[in-house]
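Read the numbers this way: they start at 1 and go in the same order the structure lists the ligands and their atoms. Atom set for the values below is all heavy atoms of this structure, side chains included, hydrogens, waters and symmetry mates excluded. Counting from 1, the numbers follow the sequence of the chain as shown.
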Amino acid sequence: MHDCSNRRWGEKRYHSMDYDLKQIYGEKVYKITLNGGMSCPNRDGTLGTGGCIFCSAQGSGDFAGCAHFSITEQLQAGKASLAGKRPIHSYIAYFQAFTNTYAPVGYLERIYMEAVQDPDVKILSIATRPDCLGKDVLNLLDKINQIKPVWIELGLQTIHPSTAAYIRRGYELPVFERAVNELRRRGIEVIVHTILCLPGETMDMILDTLNYLNRQDIQGIKLQLLHVLKGTDLAADYKASPFYIPSMEEYIELLARCIARIRPDITIHRLTGDGPKELLVMPLWTSNKRTVLNALHSYLKRMDIWQGKDYYD
Ligand code: SF4
């Protein structure tokens, strides 16, 4: 059990990405999603053709930019769409769609360098699979990380083999562990994606995944409620035999238990899903992210819960 220190992360009772970045850059850092035009071995036939069961045709990059435009053009478009808010000087260039290290290393170098050469880009964040980090790619990431911080986001989703097989993740846990070790040897920050409420997973199974991640050298985590998107095999399964999807109140209770279990130094980058409204089949209540987060914040306060309250070594 750890001491309660409600003010440790600013106004929040958890260690949020915004809090971290404000400490470092003195202001909010905005994310611009980019599309490097890559595919995924789980889609192009190398490992499979159907992709992960929940993955949309956009390769989990439903808000990413358009690959027909250069990285510089996508960055300009991203900045223009955020320009109404206030003067912004700091961005995260986020390669989101598909598997963003799955291309010849020369091509990767060109697009990553194009992003980090923008003076407003403070961080390069790259979503990928742990089985797409060969030595040449790791060395490239190491090189870019000397120029600007590189975050690697790994889609683990769960540690449970039965669920991993159902969602067609396509790699085993030791592959993930090797990737984390190789990235950390090079000083690169690792952010892990998890999906909550996958079919067949109990609360204890979710906590098992978090306990496991607490023991890994990871710096960030994304918690995402399972979203059923139109056109996916998951949507077909849901239609054939609906599985449990929590209400907003149930999800907030579940999320609070997860937050209490997460190691206090791990930065929480996401707490809910933000699937595109036009593709969302279930759960529809998630489309109002602000409502969900406000309800979570008041629940944490009311129940006196904070990140790491139930963490144990
Ligand atoms: S690894 Fe990512 S891009 Fe590839 S199928 Fe799975 S979710 Fe989609």
Using a strict cut-off of 4.0 Å, indicate which atoms of ligand 1 neighbour a heavy atom of Phe98.
3 (S)
With a cut-off of 2.8 Å, does any N, O or S atom of Cys40 fall short of it relative to atom 6 (Fe) of ligand 1?
no
Numbering as shown, the atoms of ligand 1 that approach Arg129 to under 4.0 Å (heavy-atom distance)
1 (S)
Of Cys52, Gly48, Pro41, the one whose closest heavy atom lies nearest atom 6 (Fe) of ligand 1 is Cys52
Subset of ligand 1 atoms that lie under 4.0 Å from at least one heavy atom of Gly51
5 (S)
Option passing side-chain hydrogen bond (donor to acceptor under 3.5 Å, both in side chains) with Tyr102 (candidates Thr128, Asn42, Thr46):
Thr46
Could you go through the ring-ring contact (aromatic ring centres under 6.0 Å, His included) check for Phe243 and Tyr238 one step at a time?
CA-CA 6 Å; Phe243 43 80; Tyr238 184 77; 5.0 Å; yes
Kindly state whether the ring of His297 and the ring of Tyr14 have centres lying under 6.0 angstrom apart.
yes
Count the heavy atoms belonging to other residues, nucleotides or ligands that lie under 6.0 Å from NZ of Lys28, then report whether that count exceeds 12.
yes
At a 4.0 Å threshold, what atoms of ligand 1 neighbour a non-hydrogen atom of Phe54?
7 (S)
Classify the ring geometry of Trp285 against Tyr251: parallel below 30°, tilted from 30° to 60°, perpendicular beyond 60°.
tilted
